[in-house]
2 protein chains.
Amino acid sequence: MEEPRKRARPGRAPAPAGRTSRPRQAEVARLAGVSQATVSLVLGARKQGATISEETRRKVLDAVRALGYVPDPAASRLAAARNNLLGVFSFTSTFPTDVQHSYYPFLVGVEQEAAARGYDLVLFTGSSTGGAGAAGPNALARVRLADGCLFLGRHAPAEELRRLVADGFPVVHLGRRDELEGLAWVGADYISASQEVVAHLAALGHRRIVLVREDDEAPASTDREHGFLKGLEEAGLPGGPAAVFRSADPERQLTAERLRGWLDEGVTAFVAEETDTGDAWRALHGAAHFVGIDCPRDASLALLGSPPPDLAEEPVPTGFDIPRPQLGAAAVRMLAALVSGEEAAEPLVACTFRPGSTAGPAPARY
Amino acid sequence: MEEPRKRARPGRAPAPAGRTSRPRQAEVARLAGVSQATVSLVLGARKQGATISEETRRKVLDAVRALGYVPDPAASRLAAARNNLLGVFSFTSTFPTDVQHSYYPFLVGVEQEAAARGYDLVLFTGSSTGGAGAAGPNALARVRLADGCLFLGRHAPAEELRRLVADGFPVVHLGRRDELEGLAWVGADYISASQEVVAHLAALGHRRIVLVREDDEAPASTDREHGFLKGLEEAGLPGGPAAVFRSADPERQLTAERLRGWLDEGVTAFVAEETDTGDAWRALHGAAHFVGIDCPRDASLALLGSPPPDLAEEPVPTGFDIPRPQLGAAAVRMLAALVSGEEAAEPLVACTFRPGSTAGPAPARY
DNA sequence: GTGACTCACTAATGCGCATTAGTAATACGC
DNA sequence: GCGTATTACTAATGCGCATTAGTGAGTCAC
């Protein structure tokens with residue numbers, strides 16, 4: 001009969017010498033004369049479960065102080081099956097050289113809210129730079145290392161996102177994204193905000209209002225139009241296709257003649273949507289200036305969003321501001337809710353009305 | 001004889017139902033028809049040790065892709081390996097509302113370099129916001145989750161940093177920090193840059209140059225003075241205490257009279273250090289303007305750094321720029337070196353000379 | 001005084017991974 | 001044909017902590 005060979009102990013190599021290892025819970029336990037589990041219980045401070053006598057607690061805490069014990073976060077997280085990490089993934093560099101186009105305003109809110117909830121953030125880099133985790137079909141695989149992940153920008157590939165969602169991985173998209181079944185998102189409430197701007201104009205006596213928008217189908221655009229029309233309807237003003245102008249290259253441009261035509265037809269207020277480029281507002285603003293309109297005496301202008309940086313110095317446009325930090329915070333709240341399995345939070349964030357100085361009472365009818 | 005009671009299995013509760021947990025190496029192994037150890041070996045890609053057949057490797061990698069496996073950073077870290085995560089810790093909010101004071105320019109470089117090297121970044125939040133990882137004596141414990149950590153800002157508490165360093169945890173401080181034995185740091189080479197500015201002025205024929213600085217002992221200040229004096233010496237110009245003016249509230253201010261006095265003594269060029277507030281440059285600039293100096297005809301000015309934002313529109317000051325993104329990148333390089341145990345990288349980053357328009361040939365002697 | 005209960009604590013276990021001794025299978029040398 | 005390498009893998013182990021079933025001592029009720 002063969003005797004089983006004695007096996008040596010495989011596994012960990014001894015800790016590299018020279019490196020002072022920090023004290024473990026076991027050492028604390030030894031010094032305090034209790035078990036490691038007791039140390040964990042004392043430090044964990046769980047609301048329910050085992051009770052610890054005051055004396056034992058003090059002995060343990062004394063030992064902790066005496067040894068300068070610091071918990072190993074890797075071990076805690078491994079044992080607790082969470083790591084308190086929220087991912088942030090963007091397909092352009094998170095910190096672009098051109099600050100103008102960055103996600104900075106969002107990140108302000110993301111950081112604050114994450115901190116308030118005790119999460120740290122993992123920034124997944126190399127999405128654009130071709131670094132380690134460059135493109136490839138599994139570019140998004142890495143995000144699973146966090147408890148959940150926030151996606152910035154509209155370029156997140158649907159297929160991969162769907163995959164994450166299907167696996168039950170908590171994902172939140174910053175910006176509305178309806179086409180992807182089950183994808184959580186947070187976005188600004190453009191509908192209500194646009195409606196409010198129209199209501200403001202209506203209250204100032206304007207009876208004919210035109211929306212100038214670009215010719216795309218982004219949710220951000222259609223929402224604004226939706227809210228605009230809703231605002232007209234609620235004020236009892238004429239809506240319909242005539243109230244909306246979709247500029248399209250090159251035939252349908254917002255020219256000075258067109259603007260004059262509207263004025264002749266009795267239009268007294270114009271609303272432009274905000275776009276990446278700010279072109280709608282720029283065109284409207286430019287045409288009004290060209291025609292010689294004294295704004296807001298002759299006619300009122302409003303902008304559904306913020307002006308492009310180069311027009312920021314002009315008189316502040318009446319309209320609304322997109323609360324980007326709050327959006328970031330709301331995204332984190334939703335993600336945190338998903339991670340902890342709570343009910344999903346509110347996806348819509350209200351925009352704040354900006355009085356501005358480009359809207360005034362409607363000119364007297366003659 | 002008492003039979004030992006059969007113990008139930010304590011330990012982990014079963015994973016919460018409903019939520020599909022991420023795949024583990026064990027699942028990958030099952031799908032690939034190999035052992036968990038083999039999966040680890042394939043993924044670990046350690047240079048030495050076991051060899052893996054090409055076929056097995058492919059099977060494993062296929063399974064990894066199929067399941068979307070991603071290693072758990074806490075587990076890798078606990079098992080004494082790396083997790084490809086670099087920490088970034090700042091004691092003020094990383095994304096402050098006031099963009100002016102942010103670390104943004106550094107982060108640009110940090111992100112790029114980290115991406116290029118295949119690291120993701122963990123932003124440790126809550127240092128200022130009083131969130132989960134708020135102050136307390138162990139605010140820094142969390143950073144141990146990452147392979148190493150970058151510290152921004154001068155407020156990192158020495159005691160805790162010392163502790164991390166003593167434990168052999170890779171730490172890099174952005175900004176010179178000599179007082180802490182063994183702390184790695186990267187910083188701008190103010191000495192060489194300041195010296196270069198003086199050399200430039202000397203080459204323009206200036207023979208008497210005065211440095212205006214504030215009265216503190218920050219390394220950034222003393223380095224500039226050091227470089228300034230070195231530059232004078234190298235050009236064979238008079239140095240000594242007379243060449244340096246330390247403004248101090250409220251007695252010693254840079255007044256117009258004082259400036260006139262220097263001019264009368266034959267000083268033709270003035271150099272200010274950059275400070276947080278930009279006060280040195282503002283005072284120098286203001287006094288020169290008040291006295292009616294036509295710069296650079298009557299006298300030359302130079303700034304050891306960048307002007308404060310409110311003076312950015314003025315004629316560009318001759319001086320140097322602090323390459324913040326490069327500093328961030330250098331910090332990451334150093335941290336990566338520490339993490340992988342390589343030789344430490346270069347701690348000093350060169351500043352770039354900025355010709356500007358406030359320095360010209362010395363006025364003719366009369 | 002015996003069961004039921006509470007209290008305070010400990011033993012045992014596993015989280016997911018990296019590591020290494022061991023092993024089976026095949027190739028090689030002479 | 002038998003020892004020795006080499007190759008390709010697996011079993012076993014532990015990292016430091018959180019968790020929970022279990023244990024023993026004490027308290028209480030009837």
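Letters A, B, ... are given to chains in the order of the sequence lines, protein chains preceding strands, and every chain is numbered from 1. Heavy atoms only: backbone and side chains are in, while hydrogens, waters and symmetry mates are out.
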Under 4.0 angstrom, heavy atoms only, what part of the nucleic acid is A/Thr38 near: base, sugar-phosphate, or nothing?
->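 Result for A/Thr38 = base.
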With sugar-phosphate meaning primed atoms plus P, OP1 and OP2, does B/Val39 contact a base, only sugar-phosphate, or nothing at under 4.0 Å between heavy atoms?
->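 If one applies the 4.0 Å heavy-atom cut-off, B/Val39 turns out to touch nothing in the nucleic acid.
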Would you say [X] reaches [N]'s phosphate, i.e. side-chain N/O to OP1/OP2 under 4.0 Å?
X	N	value
A/Thr51	C/dA8	yes
B/Ser35	D/dA11	no
A/Ser40	D/dG16	no

Nearest of D/dC17, C/dC17, C/dT20 to any side-chain atom of B/Leu41?
->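 When the side chain of B/Leu41 is considered, C/dT20 is the closest of D/dC17, C/dC17, C/dT20.
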Taking only the side-chain heavy atoms of A/Val34 (C-beta and beyond), determine which of C/dT10, D/dC17, C/dA8 contains the nearest atom.
->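 The nucleotide sitting nearest to the side chain is C/dT10.
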If I take atom [atom1] in residue [X] and atom [atom2] in nucleotide [N], what distance separates them, rounded to the nearest angstrom?
X	N	atom1	atom2	value
A/Arg30	C/dT10	CZ	C1'	16 Å
B/Arg77	C/dC15	CZ	C1'	17 Å
A/Glu27	D/dC17	CD	C1'	13 Å
B/Asp72	D/dC17	CG	P	16 Å
A/Leu78	D/dC17	CG	C1'	8 Å
B/Arg144	D/dG16	CZ	C1'	13 Å
A/Ile52	D/dA18	CD1	C1'	13 Å
B/Asp167	D/dG16	CG	P	12 Å

Those residues that, when tested against [X], pass side chain to side chain donor-acceptor pair (under 3.5 Å) (two or more places apart):
X	result
B/Ser40	none
B/Thr38	B/Ser35
B/Arg176	B/Asp178, B/Asp223

For B/Tyr69, all residues meeting ring-ring contact (aromatic ring centres under 6.0 Å, His included), sequence neighbours excluded =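 ring-ring contact (aromatic ring centres under 6.0 Å, His included) check on B/Tyr69 returns nothing, list empty.
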Between B/Arg177 and B/Glu179, does at least one N-O distance fall below 4.0 Å, as a salt bridge requires?
->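 Yes, this pair counts.
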Any pair counted as salt bridge (Lys or Arg N to Asp or Glu O under 4.0 Å), so long as it reaches residues 327-338 of chain B, sequence neighbours left out =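 Found B/Glu113-B/Arg333.
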Please walk me through it: do A/Asn84 and A/Asp120 pass side-chain contact (heavy atoms from CB on, under 4.5 Å)?
-> CA-CA 6 Å; A/Asn84 265 308; A/Asp120 288 317; 5.7 Å; no
Work out how much the helix from C/dG1-D/dC30 to C/dC30-D/dG1 bends between its end axes, five pairs an end, to the nearest 10 degrees.
->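 Nearest ten degrees gives 50° for this helix.
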Is there a donor N/O on one and an acceptor N/O on the other, under 3.5 Å, for the side chain of A/Gln36 and the base of D/dA18?
->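 Looking at the base of D/dA18, it does pair with a donor or acceptor on the side chain of A/Gln36 (distance under 3.5 Å).
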